[in-house]
Every structure is written in structure tokens, then in C-alpha cells.
Asks: 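What follows is a single structure, and I will ask about it in a moment.
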Amino acid sequence: MARLLFNTTFRGLLNPTQSLMSKVASSGSVLQQGLRYSTAGDSDTHDDFKPTSKIERSGVSLQDVVKQDVVKNPVVIYMKGVPDAPRCGFSALAVKILQQYNVPITPRNILENPRLKEGVKAFSNWPTFPQVFIKGEFVGGSDIVLNMHQQGQLRELLADINADSSKQA
């Protein structure tokens, strides 16, 4: 009896013409109920469980953090996602180009911290991402990096970084 009930109940969910997720969502079960318990934006979430940022608690401005980051690291990319899992095609393109030069890249995922994203925009006075900084200077986004790569300018700009990193190894 239990086997018959199981097969009858789940046979409808496994209809190949409709995805399992849409079946679950339309049936008003797990998917819809699970979203109700999100703590994002809940005013009644206890302070111990709310996400915090070390930057916010440090008293250091985000622009100072960005400035220190780009001065300290020879190549920095503020991007959507991370090099192994970019979350946007432009970020993926910029990373692929930079990786061809075998230089150390310091990536920062702007999707993890919306305040960092705004701080980077204010620091560079540039509205879009990714943003690439080389030797402490703002270079641009993926279109500019691609153009510099195609014209040979990026190779010249990164040449001494590659040499410096091989001396340290």
C-alpha cells in the first residue's frame, strides 16, 4: 500500500514535460516554504546572526581600503565572482586576458559586499565592472584591457611585474 501511494504521489512530479522545480514550486511545498525562512532583511533577526563586515567595524573608509589594495598589489581586478567562477562575461574576459601574462592577480568579488562595490566606483570614478588596476593605476574594464592586449600595450605594462614575480620565487 505504501509503495502504491509513493509511486502515485511522485509519478506526477516526475513528468518529463515539466521540470521538478516548477512542479514543487506550483504545488506550494518545499520551495515556497523554504523562502519564507530567509533572514535577509528581517528586522527581527538577532544581531548575532546578521551578516557583518570587518571593514564597517574597523572605522577605515572603503576608499582607503581600495587605495591600500591597489597600491599593495601589482594587479587587482574588482569583478563579479572569482576567477575560477566569474559571474559575468565581462569579468571572465578580463580574467582570461590577464591570466595569459602569467602575473599574480589579486581578485576581489564585489558581489560579496555591496558597500565595497560602491567604494570602488567612488575610488575610480568608473560606474561598471570589472575594474582592473595595474601598478596602483586604474586601467579600465574588460573592453579596455582587451584593446590594450590586442595592441601589445598590456604586455609592455605587465612585463616588469612578470619579471618582479619571478625574482621573488
Side-chain angles (χ1 to χ4, degrees), residues 16 18-22 24-25 30-31 34-35 37-42 45 49-169:
Q18 188 175 11
S19 75
L20 179 60
M21 291 303 286
S22 64
V24 171
V30 180
L31 185 60
L35 292 176
Y37 298 107
S38 171
T39 60
D42 285 350
T45 300
F49 299 104
K50 288 183 181 177
T52 60
S53 169
K54 292 178 184 177
I55 295 171
E56 291 171 6
R57 292 180 284 161
S58 70
V60 177
S61 79
L62 285 170
Q63 287 195 6
D64 289 341
V65 170
V66 173
K67 183 177 182 176
Q68 181 181 7
D69 209 15
V70 300
V71 168
K72 185 177 173 183
N73 300 291
V75 180
V76 180
I77 180 169
Y78 290 93
M79 61 183 287
K80 294 178 180 177
V82 295
D84 291 337
R87 300 278 308 271
C88 119
F90 297 113
S91 293
L93 175 62
V95 167
K96 281 204 176 290
I97 292 168
L98 291 170
Q99 286 175 337
Q100 290 183 21
Y101 293 94
N102 202 25
V103 294
I105 302 168
T106 304
R108 299 289 183 242
N109 183 357
I110 58 149
L111 298 177
E112 290 179 347
N113 185 344
R115 291 196 56 218
L116 176 62
K117 179 180 176 180
E118 294 307 314
V120 173
K121 284 182 181 181
F123 180 80
S124 65
N125 199 24
W126 192 261
T128 60
F129 289 90
Q131 293 189 14
V132 177
F133 292 83
I134 299 175
K135 300 179 193 172
E137 297 292 325
F138 175 63
V139 173
S142 61
D143 55 341
I144 295 171
V145 170
L146 177 60
N147 189 28
M148 291 177 71
H149 169 68
Q150 291 170 337
Q151 307 239 339
Q153 297 166 330
L154 195 56
R155 180 174 307 285
E156 293 172 17
L157 188 59
L158 296 172
D160 61 332
I161 293 173
N162 200 1
D164 289 344
S165 65
S166 64
K167 287 178 187 173
Q168 294 173 356

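All values below were derived from every heavy atom in this structure, side-chain atoms included, with hydrogens, water molecules and symmetry-related copies excluded.
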Asks: Name all residues meeting the side chain to side chain contact (heavy atoms under 4.5 Å, CB included) criterion together with Arg87; count only those two or more places apart in sequence or in a different chain, and write none if there are none.
Replies: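 Partners of Arg87 under the side chain to side chain contact (heavy atoms under 4.5 Å, CB included) test: Lys80, Leu111.
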Asks: Would a 4.5 Å heavy-atom cut-off, applied to side chains only, mark Gln99 and Val95 as touching?
Replies: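 Side-chain contact under 4.5 Å: yes.
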Asks: Evaluate the side-chain proximity of Phe129 to Met79: yes if any heavy-atom separation is below 4.5 Å, no if none is.
Replies: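 No; the side chains remain at least 4.5 Å from each other.
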Asks: Work out which heavy atom in Leu93 is nearest to a heavy atom in Ser142; give both atom names and the distance.
Replies: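 So the two residues come closest at CD2-CB, 4.1 Å.
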Asks: When rounded to the nearest 0.5 angstrom, what distance separates NE2 in His149 from CZ in Arg155?
Replies: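 His149 NE2 to Arg155 CZ: 7.5 Å, rounded to 0.5 Å.
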Asks: Taking Trp126's backbone N and O only, do any of them form a donor-acceptor pair with Gln131's side chain (distance below 3.5 Å, no angle check)?
Replies: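 Yes, Gln131 side chain to Trp126 backbone: donor-acceptor pair under 3.5 Å.
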Asks: If I take atom CG from residue Leu146 and atom CD from residue Gln151, how far apart are they, to the nearest 0.5 angstrom?
Replies: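 Rounded to the nearest 0.5 Å, the CG-CD separation comes out at 10.0 Å.
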Asks: Is it true that a side-chain atom of Lys135 and a backbone atom of Ile161 form a donor plus acceptor pair closer than 3.5 Å?
Replies: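 No.
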Asks: Which heavy atom in Pro83 sits nearest to a heavy atom in Pro86, and how many Å separate them?
Replies: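 Residues Pro83 and Pro86, closest heavy atoms: O-CD, 3.5 Å.
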Asks: Do Val139 and Leu157 come close enough that some side-chain heavy atom pair is under 4.5 Å?
Replies: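 SC-SC contact between Val139 and Leu157 confirmed.
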Asks: For a 4.5 angstrom cut-off between non-hydrogen side-chain atoms, does Ile134 reach Leu154?
Replies: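 In short, these two side chains touch, coming nearer than 4.5 Å.
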Asks: Just so I know, are the side chains of Asp69 and Tyr78 near enough to count as touching, which here means a heavy-atom distance under 4.5 Å?
Replies: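 With C-beta onward as the side chain, the pair touches.
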Asks: How are the rings of Phe138 and Phe133 set relative to one another: parallel (under 30°), tilted (30 to 60°) or perpendicular (over 60°)?
Replies: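 Judged by the thresholds at 30° and 60°, the geometry between Phe138 and Phe133 is tilted.
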Asks: Closer than 3.5 angstrom, by distance alone: can the side chain of Asn113 be matched with the main-chain N or O of Leu116 as a donor-acceptor pair?
Replies: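 Yes.
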Asks: Quick one: does Asn73's side chain get under 4.5 Å of Arg108's, heavy atoms only?
Replies: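 Touching, per the 4.5 Å side-chain cut-off.
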Asks: Salt bridge between Glu118 and Lys121, side-chain N to carboxylate O under 4.0 Å?
Replies: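 Looking at Lys121 together with Glu118, the answer is yes, because their closest N to O distance falls below 4.0 Å.
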Asks: Can you name the closest pair of heavy atoms from Gly119 and Leu62 and give their distance?
Replies: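 Smallest interatomic distance, heavy atoms only, reads CA-CB, 4.2 Å.
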Asks: Quick one: side chain to side chain donor-acceptor pair (under 3.5 Å) partners of Asn109, sequence neighbours excluded?
Replies: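 Scan of Asn109 (side chain to side chain donor-acceptor pair (under 3.5 Å), adjacent residues dropped) gives none.
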Asks: In Å, rounded to the nearest 0.5 Å, how long is the span from OG of Ser91 to CD1 of Ile110?
Replies: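 These two atoms lie 7.0 Å from each other.
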Asks: Inspect the surroundings of CD in Gln68 and state if more than 12 heavy atoms from other residues, nucleotides or ligands are less than 6.0 Å away.
Replies: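 No, because the 6.0 Å sphere around CD of Gln68 holds 12 heavy atoms or fewer from other groups.
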